[in-house]
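The figures that follow rest on heavy atoms only: side chains count, while hydrogens, waters and symmetry mates do not.
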Amino acid sequence: MRILVTGGAGFIGSNFVHFLRRERPDCDIVVLDKLTYAGNPANLEGVEDEIEFIKGDVAEFEDVEAVVAGCDSIVNFAAETHVDRSIVDADAFIRTDIYGAYVLLETARALGVECFIQISTDEVYGEVAEGFSVETDPLMPRNPYAASKAGADRLAYSYWATHGVPVIISRGSNNYGPRQYPEKLIPLFVTNAIDGLECPIYGEGKAVRDWIHVDDHCRGILTMLEQGEPGEVYNCGGGNLRDTNQMAEGILGAAEAPLDLLKHVPDRVGHDMRYALDSSKLERLGWKPEVDFAEGLRRTVQWYKDNEDWWRPIKSGEFKQWWKHYYLDQGRG
Ligand code: NAD
Ligand code: TYD
């Protein structure tokens with residue numbers, strides 16, 4: 001089995017590569033990654049000699065055709081992923097998340113693959129005021145990131161329904177774990193807390209997310225790859241519903257930082273106030289989340305404490321411009 005992992009130098013993609021090396025050492029892995037600000041070759045340290053890494057763009061046919069040839073399966077993680085950045089400028093989201101998915105699907109159709117996993121997200125359902133989203137619920141994305149992912153999600157489905165490409169769609173909830181770019185809630189708050197900097201909570205801190213450890217998400221994706229039905233969608237949620245205030249207290253507690261670092265700042269526009277997934281369809285394939293949330297969060301915080309040489313270059317580099325533009329200049333910091 002030869003698997004193409006797009007976006008494999010990012011947070012979940014790199015965790016999936018490490019996970020596959022551990023769990024399926026016989027698989028050949030090819031990573032295609034453009035190395036945007038969020039892609040980091042250091043994320044593949046330890047496996048770099050065991051995989052093939054190709055720097056390239058999923059939205060370029062030439063780059064994609066060269067790598068898809070010879071691959072049995074594709075897992076498409078490559079995407080622009082930060083909601084706040086999509087609010088500032090959605091251009092790269094449309095290009096990578098939608099057009100990039102199209103290029104991969106069209107190439108898979110032309111060359112033939114056994115399985116194409118499109119990594120979608122629970123954000124495609126939009127805000128869920130109560131209850132839990134099931135796979136047949138309508139998609140109501142409310143921010144440009146979520147909308148671009150919903151476009152790719154349905155485009156992928158159309159390649160199954162129209163062209164018979166064996167597509168499976170995974171809708172995961174908010175992931176946490178090592179190697180997440182420090183623009184996202186958990187790594188931002190841990191690394192700020194380590195430096196004694198304020199941690200900005202949007203609005204009243206009441207937005208609820210369904211947190212899943214990245215290892216559980218990776219196992220869910222492998223379950224879909226090995227046992228999923230083509231043309232099907234599978235939710236993959238951790239079942240750990242927490243609002244931002246609860247998360248912030250948990251993160252700062254694990255980091256042994258004072259709670260007075262927490263600061264309420266103006267809310268994200270179009271902020272989805274609740275996501276929650278019903279993952280029973282994937283559970284019927286034998287998967288279930290295994291990482292205990294408190295323990296997973298403690299280990300994650302410890303990882304950032306132990307790996308300052310991973311995040312300090314990021315926070316003193318590209319991230320600084322983002323912090324200035326989105327937080328300081330717009331009154332959030
Ligand atoms: P990330 O931002 O950490 O990584 C994205 C990776 O994609 C980076 O390595 C980047 O260099 C690469 N990339 C971006 N544009 C590219 C292009 N045009 N061509 C090739 N590579 C490109 O993202 P992540 O958090 O690891 O998310 C991975 C996937 O999982 C995304 O599709 C995202 O929508 C989905 N997802 C994420 C979460 C979450 O909580 N992080 C939850 C559910 C689903
Ligand atoms: P984030 O990690 O950006 O993921 P997503 O928006 O894709 O769910 O944000 C998680 C939650 O944390 C979300 O409700 C927004 C909130 N948040 C803050 O309150 N402050 C911050 O600085 C960030 C980055 C997020």
(request) Please determine if R179 forms a cation-pi arrangement with W310, meaning its NZ or CZ atom is less than 6.0 Å from the six-membered ring centre and no more than 45° off the ring axis. (result) no
(request) State yes or no: are the ring centers of Y159 and F116 separated by less than 6.0 Å? (result) no
(message) Atom CD of residue position E204 - does it have more than 12 heavy atoms of other residues, nucleotides or ligands inside 6.0 Å?
(response) no
Pairs of donor and acceptor atoms involving the side chains of residues 217-226, under 3.5 Å and at least two apart or interchain, shall be tabulated with distances.
unit_1, atom_1, unit_2, atom_2, d
H217, ND1, N175, OD1, 2.8
H217, ND1, N175, ND2, 3.3
R219, NH2, D216, OD1, 2.7
R219, NH2, K288, O, 2.9
T223, OG1, R219, O, 2.7
E226, OE1, R24, NH2, 2.9
E226, OE2, R24, NE, 2.7
E226, OE2, R24, NH2, 3.4

(request) Evaluate the ring planes of Y326 and W322, with Trp represented by its six-membered ring, and classify them as parallel (under 30°), tilted (30 to 60°) or perpendicular (over 60°). (result) parallel
Show which side-chain atoms of residues 3-12 pair as donor or acceptor with protein atoms under 3.5 Å away, not counting sequence neighbours.
unit_1, atom_1, unit_2, atom_2, d
T6, OG1, N76, OD1, 2.6
T6, OG1, F77, N, 3.1
T6, OG1, A78, N, 3.1

(request) Check whether more than 12 heavy atoms from other residues, nucleotides or ligands sit under 6.0 Å from atom CD of E295, and answer yes or no. (result) yes
(message) Salt bridge check, D33 against K55: does any charged N sit closer than 4.0 Å to a carboxylate O?
(response) no
(message) Could you walk me through whether D272 and N143 satisfy the side-chain contact (heavy atoms from CB on, under 4.5 Å) test, starting with their C-alpha distance in whole Å, then the side-chain angles of each, then the deciding distance to 0.1 Å, before giving a yes or no?
(response) CA-CA 8 Å; D272 284 341; N143 63 65; 4.0 Å; yes
(request) Kindly give the cluster partners of M273, where membership spreads through any ILVMFWY side chain lying under 4.5 Å from a current member. (result) none
(message) Please determine whether a side-chain nitrogen of the Lys or Arg among E114 and R2 lies less than 4.0 Å from a carboxylate oxygen of the Asp or Glu.
(response) no
(message) I'd like to know if R85 and E318 make a salt bridge, using a cut-off of under 4.0 Å between side-chain N and carboxylate O.
(response) yes
(message) In terms of relative ring orientation, are W323 and Y327 parallel, tilted or perpendicular, with 30° and 60° separating the classes?
(response) parallel
(message) Between D97 and K149, does any side-chain N to carboxylate O distance fall below 4.0 Å?
(response) no
(message) Looking at R312 and D195, is any side-chain nitrogen of the basic one under 4.0 Å from a carboxylate oxygen of the acidic one?
(response) yes
(request) Any chance you could measure I251, atom CD1, to Q246, atom CD, to the nearest 0.5 Å? (result) 11.5 Å
(message) Ring centres under 6.0 Å, that's the criterion: do Y37 and F319 meet it?
(response) no
